[in-house]
There are 2 protein chains.
Amino acid sequence: MTQKLTILDIAKLAGVGKSTVSRVLTNDPKVKPETRSKVEQVIRESGYVPSKSAQAMRGGSAKVVGIVLSRLDSPSENKAVRGILEVIYQAGYDAVIMESQFSAEKTNEHLAVLQKRNVDGVIVFGFTGCDLAPIEALGQKAVVIAIDTDQVSSVGYDNHGMISLAMNHLLQQGKRQISYVGVGSEDKTTGLMRLNAYLASCEAAGLVPCYRTGQLSHESAYQLTEQVVTPDTEAIVCASDTLAMGVAKRLQELGRTDIQVSGVGATDLLSFIFPNTFSIDPGYYQAGHASATLLIRQLAGEQAITHLTQRASL
Amino acid sequence: MTQKLTILDIAKLAGVGKSTVSRVLTNDPKVKPETRSKVEQVIRESGYVPSKSAQAMRGGSAKVVGIVLSRLDSPSENKAVRGILEVIYQAGYDAVIMESQFSAEKTNEHLAVLQKRNVDGVIVFGFTGCDLAPIEALGQKAVVIAIDTDQVSSVGYDNHGMISLAMNHLLQQGKRQISYVGVGSEDKTTGLMRLNAYLASCEAAGLVPCYRTGQLSHESAYQLTEQVVTPDTEAIVCASDTLAMGVAKRLQELGRTDIQVSGVGATDLLSFIFPNTFSIDPGYYQAGHASATLLIRQLAGEQAITHLTQRASL
DNA sequence: CTGTTAGCGCATTCAC
DNA sequence: GTGAATGCGCTAACAG
């Protein structure tokens, strides 16, 4: 329990001045290699740990980024968060994570707390109804995921591309009777954009659309399934894996395992349980990775506000 | 954005000394009510926010707890984390979350970082092979989940109870031919303890055990299924929902939907997809809640090291 | 290159 | 009760 060691103790122990120790800590090039290694050795042997709190207060940077996600147990955000963590750890940052639960109010509270904590930057997972103003006020210090803004850097998912990808894949297999199950267009991204992508694909391919939208749940999709199934139906594209799960389940009951089902989310469980299915990977992990990289660069002043769109893949 | 306001600015603005402002901030009773409200008003109007960094450095407490979990995308830990967050937010703490990925080394690194950050306390999700020493060194400042220690408070899952619960439920329905699919006993908890619980239940009920263990994956369970199925088999108890999913899937293919399957984890997907199944809830959320409550109390010095076992439920 | 000197923003002694 | 002084652990000018 080598505690309470201060930079001064190390200085004495190494027979140098406190600032020299500080220089070693901050990787200041203006230190004679011998002195440096000497100090480093003492640090190592004494188990000295510089106090982040003090550093934060002095330098203004706490080496912390805040992450505001909507639901901790959302598989998609989960994957993205892992991507974020990977990047920021490597950059020497830590993360404080908060859950907005799709509440604009909670999001704002969290942002306030994060600022009070002197976090260097923030990554926010957007959602329909999210209040962008407080985020935009952060400027360079923020990156949002899954939602559009001009004021602040963003990493978006290619909602249109995901569905097009699924549609094209099916069309290439010669399917012509392709239905769609999605969620209501109150939800701009998962709902509206993906539905529009479906409609656009139908139009481009000269297909007659057949679709229903409901809630983002297995049950909802399960119940909607029959309404989009005809004797000729060859495939059903779904706005998400959750929906695909419900649809596939119903199809199984209906004995229509001939109908291929596609989802979005790259859930391995889907194709494990239902053979005649596939899932589009929106690139959650990569999106997290990209957003963190963006943020780190911005914090270093190396990069201005940027907008990326994560490519989806099969 | 009223920035860079220090305690001194407030002091001037309120026409008092900085220490008085500090006293107001720390809720020191020795302040004349008038002065207090005067200061509070100035604080409110100026939008002053005391610097957490400075407070942390001075007082030693940063109002932060570290959470070291093994996998961010583990549904179980996810639920527990939500329970933790709920409690600590309410207590005015924030959380910095880190992933150990079942690596003792990474865990230790993370713990070091957390200490350097001056976190008030730590909650660690244990795993087989986890190095307890650094955690135990934290004493009152740590709580571990899902693993045993004497040195430090812990919240464990009732691995035995989960399986007993499932077994009793099945026995009450008159099932006598109950097989088991689990994971290898290298894993002390999910592996060994749950298997032992199965064996104990069998012995108590006078049943002949029939079981196999493998990896903690759908595929593994899927492949093992046939080895524990006989024409007489009435039910299969699984060590986890993941396994149950694989087993149920295989049973469906084998046309043995008469066999009831049970898992552990309270995954709603399981019973949605496979009707003849049920899942035991180990109480992840409650465990998180309990561990956080424990930690907060310990940090306040109100409570000594305690060991809890989370009850499982159907 | 390295030691010395100042504070950073706040909480906590002390005197008044 | 309240203000002035002191120092937390560290970094950033300044000197040498």
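By convention in this document, chain letters (A, B, ...) are assigned in the order of the sequence lines, proteins followed by strands, and residues within each chain are numbered from 1. What you are looking at is a predicted structure, and each value in this text was computed from that prediction instead of being measured.
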Checklist line | Toward the 5' end of DNA chain D, by each residue's nearest nucleotide, Ala54(B) or Val16(B) | finding: Val16(B)

Note to self: Reading DNA chain D from 5' onward, which residue's closest nucleotide shows up sooner: Ile7(A) or Arg23(A)?
What the structure shows: Ile7(A)

Check: Does the side chain of Val81(A) reach to within under 4.5 Å of the side chain of Phe125(A), using non-hydrogen atoms?
Finding: yes

Round to the nearest Å and state the distance from [X] atom [atom1] to [N] atom [atom2].
| X | N | atom1 | atom2 | value |
| --- | --- | --- | --- | --- |
| Leu8(B) | dC10(C) | CG | P | 10 Å |
| Arg58(B) | dA11(C) | CZ | P | 9 Å |
| Leu25(B) | dT12(C) | CG | C1' | 14 Å |
| Lys38(A) | dC1(C) | NZ | C1' | 17 Å |
| Leu5(B) | dC10(C) | CG | C1' | 14 Å |
| Glu34(A) | dT2(C) | CD | C1' | 13 Å |
| Lys18(A) | dT5(C) | NZ | P | 8 Å |
| Asp9(B) | dG9(C) | CG | C1' | 10 Å |

Check: Where does the chain B footprint on DNA chain D start and end, counting 5' to 3' with a 4.0 Å heavy-atom cut-off?
Finding: dG1(D) to dG9(D)

Notebook entry, point to check: Hey, is Glu77(A) close enough to Arg71(A) for a salt bridge, meaning N to O under 4.0 Å?
Noted result: no

Check: Thinking salt bridges, do Lys79(B) and Asp73(A) make one under a 4.0 Å N-O criterion?
Finding: no

Next item on the list: Tell me whether the centres of the aromatic rings in His289(B) and Tyr284(B) are closer together than 6.0 Å.
Entry: no

So, does [X] get its side chain near the phosphate of [N], meaning an N or O under 4.0 Å from OP1 or OP2?
| X | N | result |
| --- | --- | --- |
| Ser19(A) | dG3(C) | no |
| Thr35(A) | dT2(C) | yes |
| Gln55(B) | dA11(C) | yes |
| Ser22(B) | dA11(C) | yes |

Notebook entry, point to check: How would you label the contact of Lys30(A) with the nucleic acid (heavy atoms, under 4.0 Å): base, sugar-phosphate, or nothing?
Noted result: base

Item checked: Modelled atom types, side-chain donor and acceptor of Ser153(B) and Gln298(B), under 3.5 Å -> yes

Check: Can a donor-acceptor pair be found between the side chains of Asp158(A) and Thr309(A) at a distance below 3.5 Å?
Finding: no

Next item on the list: Return the orientation label for the His110(A) and Tyr89(B) ring planes: parallel under 30°, perpendicular over 60°, tilted otherwise.
Entry: tilted

